[in-house]
Novice: 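Handing you a structure now.
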Amino acid sequence: MDGSLGARAIRSTCPYCGVGCGVVATPDGRGGATIAGDADHPANRGRLCSKGTALGETLGLEDRLLHPEVGGKRATWDAALDAVAEGFRHARARHGPDGVALYVSGQLLTEDYYAANRFAKGVLGTANIDSNSRLCMASAVAAHTRAFGEDVVPGVYEDLELADTLVLVGSNLAWCHPVLFQRAMAAKAARPAMRIVVVDPRRTATCEGADLHLPLAPGSDVALFAALLAHLADRGLADQAWLDAHAEGATEALAAARAIAPRAAALTGLDAGVVARFCEMWAASPRTVTLWSQGVNQSSAGTDKANAIINCHLLTGRIGVPGAGPFSVTGQPNAMGGRETGALATMLAGHLRFDVPEEHAALARFWQAPALPTKPGLKATQLFAALGAGRIGALWVMATNPAVSLPDGDAVRDALARAPFLVVSEVTRRSDSAAFAHVRLPALAWGEKDGTVTNSERVISRQRAFLPPPGEARPEWWIIGQVARRLGAPGFAWDGPAAVFREHAAVTGLARPAARAFDISGLAGMSDADYAALPPTRWPVPAAGTAPTRFFAAGGTLAPRARLVPTPFRAPVEDVSAEYPLRLLTGRLRDQWHMMTRTGTVPRLMAHSPEPVLTLHPGDAGGLEAGALVEATSARGRAVFRLALDDAQRRGTAFAPMHWTAQLAPAARVNALVAPHADPVSFQPELKNAAIRIAPFEAAWHAFLLAPRRLPADIAPFCAAIPLEGGAWRHELAGNDAPDAAFARLRGLVAADGAAWQVMEDPAIGLHRAAALRDGRLAGAVLLGPDAALPPRAWLAALMAGEGPLAPGERAALLAGRQPGGPPPSPLVCACHGVTAATILGCGARDVAGAGEATRAGTGCGSCRPEIATLLARLPEDA
Ligand SMILES: Nc1nc2c(c(=O)[nH]1)N[C@H]1C(S)=C(S)[C@@H](COP(=O)(O)OP(=O)(O)OC[C@H]3O[C@@H](n4cnc5c(=O)[nH]c(N)nc54)[C@H](O)[C@@H]3O)O[C@H]1N2
Ligand SMILES: Nc1nc2c(c(=O)[nH]1)N[C@H]1C(S)=C(S)[C@@H](COP(=O)(O)OP(=O)(O)OC[C@H]3O[C@@H](n4cnc5c(=O)[nH]c(N)nc54)[C@H](O)[C@@H]3O)O[C@H]1N2
Ligand code: SF4
Ligand SMILES: [Mo]
């Protein structure tokens with residue numbers, strides 16, 4: 001399968017989640033492209049989710065960083081590269097190799113990741129290179145390594161479809177790995193006996209397709225899987241022959257599990273009958289896949305949680321066979337690539353180990369790196385603590401936004417502000433972290449860069465360029481190589497990504513004669529043309545011998561032997577108290593990607609959840625009303641959100657999204673609340689368990705403001721900026737100054753010169769409304785009142801994009817915000833076809849398929865299908 005298809009279409013890979021869907025991009029010749037699913041890619045066979053479908057809308061250059069900057073001023077590449085080299089030379093001379101660092105990302109291509117790791121460990125001689133994968137996959141990596149001796153995902157996606165029971169633990173698959181979820185749902189539709197179980201404190205969209213939901217207490221997964229392990233042994237399901245041949249540690253692991261099992265219901269807060277039912281289902285189904293994600297990994301017991309899951313598969317030998325196995329899904333498009341290149345503080349490169357002298361020596365020789373570090377470096381949270389303490393003289397951040405994504409967010413921002421020398425490689429000018437940088441380097445973005453990524457099932461796919469490089473943006477591997485050579489390093493003379501890849505592939509053969517699961521040395525001799533045409537390729541690809549599709553197949557060899565690990569129960573580090581009575585779970589929304597630098601400016605993707613919302617169970621609301629602004633406070637900091645009430649939320653917990661930053665909603669940065677407590681084995685921080693309290697956000701006024709452009713997000717103590725179709729922006733605001741003064745100030749910001757204003761004010765009740773008209777069209781509006789109960793926004797927002805002059809009736813209705821005779825406002829459900837909840841509820845259909853036929857809702861990417869089902873389920877029987 002070649003990269004090019006016909007005249008202009010190019011195959012590439014989606015830059016978002018670890019499913020790694022293949023796409024076909026057809027550039028329009030004007031800097032844009034249409035994006036479709038690649039029917040030939042094994043991950044998705046043509047499917048895409050809402051984010052993948054909207055990729056074509058993220059290609060604009062408006063916010064792009066297009067030129068290097070030094071000290072906030074545009075610089076030539078030579079000057080910028082000299083500055084970076086000099087900054088690192090100086091810092092290393094002053095602080096030693098432990099006083100310089102790189103912080104990188106699972107959104108780098110494998111080639112970039114390889115170059116960064118060789119630069120840090122081989123040239124700077126520091127192991128201080130860590131990745132945002134520390135916040136994401138570190139617990140899975142540590143658990144795999146403990147259980148299998150190496151970081152290996154045994155199974156493949158097809159196993160999800162072949163399983164009789166699919167257990168999803170701490171995974172909101174419907175929103176976060178939508179195409180995998182769709183594959184699982186299609187398998188269940190074809191084989192209704194298939195069972196899906198969701199283990200998550202919240203009833204998420206993923207539960208819509210589930211047969212059983214276990215809303216366990218946050219952090220208690222180890223207790224559930226301890227109960228399961230004991231149950232499996234009691235039922236005589238331990239596969240003794242398999243254990244004898246392939247594994248060790250079963251006795252100790254079982255003893256630890258038996259010590260917890262009697263308390264499983266109490267510790268998980270689940271009904272004992274539900275725990276028993278779960279154990280029965282798992283036990284009765286030899287073909288079981290237990291898939292996990294961040295509800296497991298992002299925990300101070302993350303590694304134990306993952307090993308508790310793997311233990312159950314090892315005890316029963318349910319691993320490495322079609323339809324069975326533990327399955328850690330990766331988050332980022334190239335989370336796996338970072339693990340393969342070893343661009344983490346705890347790894348060397350290519351699954352080579354710090355603690356094996358021959359492997360260390362082989363790599364030092366290969367890289368001509370006499371100063372190759374001999375022990376692990378600082379992990380993400382330690383790295384930023386060291387930066388704050390003045391122990392890091394130079395830091396280079398690539399393709400990640402630590403100011404927002406790391407826990408203890410305010411302290412991280414302070415550390416970045418105090419960094420003696422900070423380099424940020426970015427694609428956007430609007431990143432919270434780049435704002436602190438001394439040197440900003442413009443990197444190529446998706447669609448422009450060229451290389452490989454590896455998805456959750458070990459399939460290496462090409463990301464291919466289909467757009468020309470804009471401005472002076474350059475590939476990351478090139479930038480790194482230029483700095484390395486300025487520091488006098490040998491090597492780094494690559495003429496393209498293929499050369500980098502070949503070098504990386506060669507490293508994976510260095511462990512020989514020791515056996516290594518991760519071996520792609522068979523690709524080390526690939527020609528440039530082969531690389532250009534590389535079809536999706538699952539590792540391993542050894543230079544000689546056969547490559548298994550699944551690792552640890554029964555009867556196969558395990559090298560080294562698998563290990564069951566005892567996992568004693570530990571509660572989350574922060575406990576709730578009278579002062580902080582709620583547990584805050586954080587995570588993702590369906591249509592947003594991380595810190596929103598790409599998805600946050602696409603109106604269609606912002607329409608589903610336009611504002612940062614904190615969700616509580618109605619029983620925990622304590623008189624607070626949905627739609628109000630609330631302030632969450634923890635021992636670390638505070639953040640402000642719009643309140644939603646939902647009985648899908650577990651009592652005693654709150655949920656808030658991770659996505660908002662200082663760019664769009666400065667008060668709603670959730671990591672201001674989260675402490676940097678980390679798992680003692682993986683050092684992955686506990687991002688899902690902050691103890692908080694909620695109080696009303698005291699505001700003298702609330703408002704929304706429509707403007708033809710985006711306004712700075714610091715115009716009010718609470719601001720959430722929302723892009724609208726047609727280029728205008730909506731700003732949800734609240735503040736504490738005098739309402740009339742705020743109103744005048746906000747009107748000034750709309751600044752519609754020469755506009756005619758309609759104004760309505762009743763200061764006695766704190767009501768101030770104004771709409772600006774230019775050429776008979778709505779050019780801006782400020783609607784301000786004493787509380788959050790403001791007029792609806794949808795109609796006015798649509799008018800901002802309208803073409804012709806307003807009708808008299810429309811003009812008269814502007815300050816009421818309601819279209820004369822129009823439908824009541826209703827939230828958007830289907831982002832692909834713009835279908836609202838009201839339309840779906842009113843269409844007469846009773847099921848998702850019927851609603852699709854009647855309204856097209858759910859017939860695009862399908863990501864909203866669980867939500868449509870939930871909506872329809874709420875219809876009364878006789879409706
Ligand atoms: N739409 C979208 N998709 C994405 C991303 C995105 O930003 N947006 N990011 C990608 C990335 S990098 C990642 S890592 C993945 C993450 O994918 P997921 O891990 O599926 O997503 P999260 O929302 O972080 O968390 C999953 C669930 O864990 C639950 N949870 C919290 N605490 C616990 C617990 O103690 N036990 C259990 N069992 N569950 C718990 C939460 O309620 C939440 O529903 O998504 C990827 N896909
Ligand atoms: N509270 C809480 N915090 C979390 C999580 C959580 O669940 N809860 N999840 C954690 C997880 S799993 C993850 S993965 C992290 C993600 O957190 P981050 O990595 O900080 O999130 P992104 O917004 O994806 O950051 C990527 C940055 O790189 C830029 N970029 C995009 N493409 C390129 C490129 O090609 N080259 C370069 N140089 N830059 C590029 C983007 O503009 C963006 O600023 O957040 C973590 N933080
Ligand atoms: S599931 Fe969606 S976000 Fe993930 S790779 Fe596929 S299209 Fe991209
Ligand atoms: Mo992640």
Side-chain angles (χ1 to χ4, degrees), residues 15-19 49-51 63 65 104-109 112 131-137 168-178 198-202 204-206 214 216-221 224 292-299 301 305 329-333 335 397-407 409 424-428 430-434 441-446 448-449 463 473 475-476 479 572 583-599 649-650 653 655-659 661 670-671 673-674 684-685 687-690 863:
Y16 296 125
C17 83
V19 177
C49 75
S50 52
K51 295 179 300 303
D63 290 335
L65 178 67
V104 299
S105 160
Q107 289 164 83
L108 291 175
L109 300 172
D112 300 333
S131 161
N132 62 0
S133 274
R134 185 69 55 196
L135 316 176
C136 183
M137 302 316 301
L168 306 172
V169 192
S171 156
N172 189 3
L173 205 71
W175 281 9
C176 296
H177 299 90
V198 176
V199 182
D200 191 312
R202 306 185 298 144
T204 61
T206 304
L214 286 82
L216 81 179
S220 68
D221 304 70
L224 180 68
W292 80 87
S293 187
Q294 299 312 338
V296 169
N297 292 342
Q298 289 172 342
S299 158
K305 286 184 180 187
V329 278
T330 53
Q332 298 176 93
V397 173
M398 292 174 203
T400 176
N401 196 352
V404 210
S405 48
L406 277 171
V424 171
S425 296
E426 250 298 344
V427 299
T428 177
R430 296 185 192 259
S431 127
D432 286 17
S433 300
L441 302 174
L444 290 181
W446 184 77
E448 302 149 9
K449 60 184 187 177
Q463 265 193 25
E476 215 78 72
I479 301 172
R583 288 193 186 283
L584 175 68
L585 310 177
T586 63
R588 287 153 175 83
L589 299 177
R590 190 188 78 189
D591 294 347
Q592 289 306 324
W593 178 261
H594 291 174
M595 308 319 168
M596 303 169 83
T597 57
R598 288 172 288 173
T599 47
Q649 192 70 30
R650 191 181 200 279
T653 70
F655 180 83
M658 65 186 280
H659 303 295
T661 71
V670 80
N671 276 325
L673 298 165
V674 180
Q684 180 156 352
L687 292 166
K688 300 246 189 282
N689 225 309
S863 303

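Counting starts at 1 for both ligands and their atoms, following the listed order. All figures in this text were calculated on a predicted structure; none of them were measured in a lab.
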Novice: Of the backbone atoms (N, CA, C, O) and the side-chain heavy atoms from C-beta on, which set of Ala399 has a member under 4.0 Å from an atom of ligand 2: side chain, backbone, both, or neither?
Specialist: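 Contact part for Ala399 vs ligand 2: both backbone and side chain.
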Novice: List every atom of ligand 2 that sits less than 4.0 Å from any heavy atom of Ala443, numbering the atoms from 1 in the order shown and giving each element.
Specialist: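 Close to Ala443: 36 (N), 37 (C), 38 (N).
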Novice: Does Gln332 reach the main-chain N or O of Gly18 with its side chain, forming a donor-acceptor pair under 3.5 Å?
Specialist: no
Novice: Rounded to the nearest 0.5 Å, what separation is found between the SG atom of Cys136 and the CD atom of Gln298?
Specialist: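 It is 7.0 Å, given to the nearest 0.5 Å.
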Novice: Provide the number and element of each atom of ligand 2 under 4.0 Å from a heavy atom of Thr428.
Specialist: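 Numbered from 1, ligand 2 contributes 42 (O).
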Novice: Would you mind listing which atoms of ligand 2 come within a distance below 4.0 Å of any non-hydrogen atom of Lys449?
Specialist: 34 (C), 35 (O)
Novice: Taking 4.0 angstrom as the limit and counting only heavy atoms of Val670, give me the atoms of ligand 2 inside it, by number and element.
Specialist: 1 (N)
Novice: Are the side chains of Asp221 and Val169 in contact, using a 4.5 Å heavy-atom criterion?
Specialist: yes
Novice: Tell me whether Leu444 has any N or O atom under 3.5 angstrom from an N or O of ligand 2.
Specialist: yes
Novice: Look up atom CG in Asn172 and atom OG1 in Thr204, then write down how far apart they are to the nearest 0.5 Å.
Specialist: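 Here the interatomic distance stands at 4.0 Å.
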Novice: Got a sec, which residues hit side chain to side chain donor-acceptor pair (under 3.5 Å) with Glu476, two or more places apart in sequence or on another chain?
Specialist: Ser425
Novice: Give a yes-or-no answer on whether the side chains of Gln107 and Trp593 include a donor-acceptor pair shorter than 3.5 Å.
Specialist: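 Note: Gln107 and Trp593 side chains meet the donor-acceptor criterion.
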Novice: Ligand 2 versus Thr597, non-hydrogen atoms closer than 4.0 Å: side chain, backbone, both, neither?
Specialist: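 Under 4.0 Å from ligand 2, Thr597 contributes side-chain atoms alone.
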Novice: If the criterion is any heavy atom closer than 4.0 Å to an atom of ligand 1, which residues make the list?
Specialist: Cys17, Lys51, Cys136, Val169, Gly170, Ser171, Asn172, Trp175, Cys176, His177, Val199, Asp200, Pro201, Arg202, Thr204, Leu216, Pro218, Gly219, Asp221, Ser293, Gln294, Gly295, Lys305, Gly331, Gln332, Leu585, Gly587, Arg588, Leu589, Arg590, Gln592, Trp593, His594, His659, Lys688
Novice: Taking all non-hydrogen atoms of both residues into account, name the closest pair between Arg430 and Asp63 and its distance.
Specialist: NE-OD1, 3.0 Å
Novice: Go through the structure and list residues passing side chain to side chain donor-acceptor pair (under 3.5 Å) with Asp200, not counting sequence neighbours.
Specialist: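 None.
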Novice: Taking the side chain as C-beta and beyond, is there a heavy-atom pair between Leu224 and Val199 under 4.5 Å?
Specialist: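 With C-beta onward as the side chain, the pair touches.
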Novice: Going by distance only, is there an N or O of Ser431 that falls short of 3.5 Å from an N or O of ligand 2?
Specialist: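 Checking ligand 2 against Ser431, no N or O pair falls under 3.5 Å apart.
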Novice: Which residues pass the ring pair (Phe, Tyr, Trp, His ring centres under 6.0 Å) test with Phe655, not counting sequence neighbours?
Specialist: none
Novice: Just let me know how Val404 lines up against ligand 2, side chain, backbone, both or neither, with a heavy-atom cut-off below 4.0 Å.
Specialist: neither
